[in-house]
Structure formats: structure tokens, C-alpha cells
Amino acid sequence: VIKSIPSVGTLTYNGTAVAVGDVIKATPGTSDPAIGQITGLTFTPVKDAYGTPYATIEFDLCKVDAPNICDKGKKMFINVVNVEFTIRENAPIDTLVGMLDDIRISGPLTCTIISGDAGTTFKFDSTSLILNSALDYETKPSYGFFAKCSNGTEYDSTVISVIVVDENEAPEVRDTIFHVLENQPIGTVVDTLPVLDEDRNLDFLHNTLKIIAGDSDKYAIGDSTGVITTKVVLDYEADKFDTLFVQVKDSDGNVDTAR
């Protein structure tokens with residue numbers, strides 16, 4: 001039962017304006033049927049020169065089958081300010097992402113993620129947002145979700161944005177077999193050794209290749225292109241197979257080697 005509504009802004013339920021005295025019925029929660037949930041309740045704030053950081057809704061929580069039995073004096077604080085945190089892409093699981101410091105209710109608090117695209121990536125420990133699974137900037141560079149905190153009687157809520165900071169991924173080269181004809185002139189192109197690099201940031205895509213072992217007297221490799229060329233005229237009868245060990249290294253010193 002709605003007891004009071006924000007003095008500014010618009011509160012609607014499924015598109016219809018909500019008034020004091022309206023009864024809104026909760027439905028069983030999807031994750032826990034014992035916990036009721038209300039969908040379709042929307043608050044639209046009115047922005048002014050100073051912003052509208054909070055709005056308050058007061059309500060009584062009553063039983064559907066016994067409407068005279070109510071838990072009265074409940075409050076929900078709606079925080080319409082977007083809280084933004086940043087975290088490194090390769091941060092380990094259980095890293096502290098940030099804390100909800102600007103909560104308008106007191107006492108031991110329990111915060112939960114109730115909607116958005118966080119999935120199981122984050123979790124709350126009281127008001128501390130914790131990384132719960134590995135991040136990948138190239139797959140998902142940001143998250144946005146809605147969180148609710150409660151002390152058992154009062155509630156506060158806020159929108160949270162988490163920005164993932166891109167980090168340099170190690171380049172990769174794979175063992176490969178190439179074929180080339182004998183008796184070809186010096187400088188003949190054998191093939192190109194591909195470098196696999198998940199980075200999209202051009203600042204991280206400075207990879208250098210070099211031959212570090214094997215038949216380096218017979219072959220050269222373009223340090224930035226990976227193009228392998230001959231340095232001698234090859235003779236099948238003298239050597240049927242040649243071996244090269246090629247290393248790739250990026251600007252941060254991450255290396256990988258292929259045969």
C-alpha cells in the first residue's frame with residue numbers, strides 16, 4: 001500500500017500514475033518464490049540545476065489474504081545518480097570493485113543486484129561490490145545494473161556502472177608446417193606466420209617477431225609482418241626438413257614461441 005510518493009518526478013506502475021493509497025501486488029520471485037518482486041514500477045526524476053539525487057517512497061507491506069495485517073513504515077530511497085566504478089580487465093576474482101558509501105539508511109546492510117547485465121560477474125558483501133568472475137574487455141567493456149540495499153525495514157537503490165579498463169593481452173604464435181619448392185631464388189616467400197592477439201587497442205598491437213633458433217642461416221622473417229623468406233637456394237637432397245623457432249614479443253615484454 002503506497003503511503004507517500006516523491007514530491008517531484010513521476011511514479012508509474014505499468015504506465016499508469018501511482019497515487020497515495022494505491023495497492024500494488026507483488027509476485028513470487030523468480031530465484032526465490034518466498035521473496036516477492038514488483039515489476040513495472042518506474043520512477044522518472046525531474047532534473048534541475050542541482051540534480052535530484054534521491055527520492056523517497058513510503059509504503060506498508062500487507063498480506064494479500066489478510067490486508068489488515070501489515071508491516072508498516074517501510075521506506076525505499078531511490079538514488080537516481082549513476083554510481084560509476086572502474087576495474088582492470090585482468091583483475092583477479094574477489095577484487096574489490098567499489099563500495100556504496102552514499103547510502104541513506106543505517107544499520108547492517110544487505111545489498112543485492114536486482115536487474116541489469118551483471119549476471120554473475122559481480123556480487124555484494126554488505127555494501128562492497130566484489131568481482132565474482134573473470135572479465136574480458138574485448139568481449140564486454142562495461143556493465144550497467146540496478147542494486148538495492150536494505151536494513152530490513154528501509155531500502156535504498158542505485159544504478160551502478162562498471163567500466164572495464166583494457167589491458168595488454170599476450171600475443172600468440174602456433175606451431176606450423178610450411179612447404180616450399182627447392183631450387184627457388186633467394187628471397188622466395190615461404191609463407192606468413194600469423195600472430196594471434198585479442199587486443200583491439202592499437203597501442204597494444206606492437207608485436208615483433210624474430211627467429212631465435214633452428215635453421216636461421218637459411219631463412220629470414222619480417223619482424224612486423226611475419227613473412228618468412230629464403231636466404232639461400234634450398235636443396236631437397238641436402239635437407240628435406242628445416243626447423244625454425246620463432247618468438248613473438250609485444251611492447252610490454254609478453255612473449256610466445258612457435259616451432
Side-chain angles (χ1 to χ4, degrees), residues 84-98 116-123 129-145 160-259:
E84 183 174 292
F85 300 123
T86 60
I87 184 171
R88 296 181 297 106
E89 174 184 14
N90 296 326
I93 293 174
D94 290 331
T95 293
L96 174 64
V97 182
D117 61 2
T120 59
T121 306
F122 306 99
K123 64 182 180 181
L129 185 65
I130 307 295
L131 181 64
N132 194 47
S133 62
L135 300 169
D136 182 9
Y137 174 88
E138 284 71 28
T139 302
K140 191 169 181 58
S142 64
Y143 295 83
F145 49 92
I160 298 176
S161 296
V162 177
I163 308 301
V164 181
V165 179
D166 193 14
E167 293 190 300
N168 194 0
E169 309 289 342
E172 180 184 355
V173 283
R174 296 177 180 174
D175 293 350
T176 309
I177 297 176
F178 295 131
H179 299 84
V180 63
L181 296 173
E182 67 171 337
N183 299 323
Q184 298 302 303
I186 294 173
T188 294
V189 174
V190 177
D191 214 316
T192 300
L193 181 66
V195 175
L196 306 177
D197 195 327
E198 295 182 0
D199 287 308
R200 297 175 185 173
N201 188 334
L202 296 179
D203 292 336
F204 296 151
L205 292 176
H206 298 294
N207 299 314
T208 302
L209 295 126
K210 67 177 180 179
I211 299 171
I212 59 173
D215 296 300
S216 58
D217 57 325
K218 295 182 180 181
Y219 302 91
I221 188 169
D223 60 0
S224 62
T225 63
V227 176
I228 300 172
T229 56
T230 60
K231 293 168 62 175
V232 299
V233 176
L234 302 175
D235 182 0
Y236 175 83
E237 285 70 29
D239 283 305
K240 296 179 177 61
F241 303 97
D242 291 326
T243 301
L244 299 174
F245 292 88
V246 178
Q247 180 190 84
V248 61
K249 184 176 183 180
D250 68 13
S251 56
D252 285 343
N254 299 310
V255 299
D256 191 30
T257 303
R259 181 175 183 270

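No donor-acceptor distance shorter than 3.5 angstrom exists from the side chain of Asp223 to the backbone of Thr208, with no hydrogens or angles considered. Of the possible donor and acceptor atoms, one in the side chain of Asp256 sits under 3.5 Å from a partner among the backbone N and O of Val173. Looking only at distances, a side-chain donor or acceptor of Thr230 sits under 3.5 Å from a matching main-chain atom of Gly187. Side-chain atoms of Asp252 never come within 3.5 Å of backbone atoms of Asn254 as a donor-acceptor pair (strictly under, hydrogens ignored). In this structure a side-chain-to-backbone donor-acceptor pair under 3.5 Å is present from Asp117 to Gly144.
Looking only at side-chain heavy atoms (C-beta outward), Leu209 and Gln247 stay at 4.5 Å or farther from each other. At a threshold of 4.5 Å between non-hydrogen side-chain atoms, the residues Asp94 and Lys123 count as touching. Taking the side chain as every heavy atom from C-beta outward, Glu138 and Glu89 approach each other to under 4.5 Å.
Contact record, Ser133 with Thr120: OG-O, 3.8 Å, taken as the closest heavy-atom pair. Here the closest non-hydrogen pair linking Lys240 and Glu237 is NZ-O, 4.5 Å. Of all non-hydrogen atoms in Thr188 and Gln184, the two that sit nearest each other are OG1-CB, 3.3 Å.
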>> One pair to check against side chain to side chain contact (heavy atoms under 4.5 Å, CB included): Thr192 and Thr225. What are the steps and the verdict?
In response: CA-CA 8 Å; Thr192 300; Thr225 63; 5.9 Å; no
>> side chain to side chain contact (heavy atoms under 4.5 Å, CB included) for Ile130 and Leu96? Distances and angles first, verdict last.
In response: CA-CA 5 Å; Ile130 307 295; Leu96 174 64; 3.9 Å; yes
>> Val227 vs Ile221, test: side chain to side chain contact (heavy atoms under 4.5 Å, CB included). Steps then yes/no.
In response: CA-CA 5 Å; Val227 176; Ile221 188 169; over 6 Å; no
>> Val162 vs Phe145, test: side chain to side chain contact (heavy atoms under 4.5 Å, CB included). Steps then yes/no.
In response: CA-CA 9 Å; Val162 177; Phe145 49 92; 3.9 Å; yes
Can I get a per-line list of side-chain donor-acceptor pairs under 3.5 Å for residues 211-218, giving both atom names and the distance, sequence neighbours left out?
unit_1	atom_1	unit_2	atom_2	d
Asp215	OD2	Thr243	N	2.8
Lys218	NZ	Asp239	OD2	2.6
Lys218	NZ	Asp242	OD1	3.2

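Among residues at least two apart or in separate chains, salt bridge (charged side-chain N to carboxylate O under 4.0 Å, His left out) pairs with a member in residues 171-193 are Glu172-Arg174.
Atom OG of residue Ser142 and atom CD1 of residue Ile87 lie 13.5 Å apart, to the nearest 0.5 angstrom. We find the CZ-CD1 distance between Phe85 and Ile160 to be 5.5 Å, quoted to the nearest 0.5 Å.
A cation-pi contact, defined as under 6.0 Å to the ring centre and within 45° of the axis, is absent between Lys140 and Tyr137.
With sequence neighbours excluded, the residues forming a ring-ring contact (aromatic ring centres under 6.0 Å, His included) with Tyr143 are Phe122, listed by chain and number.
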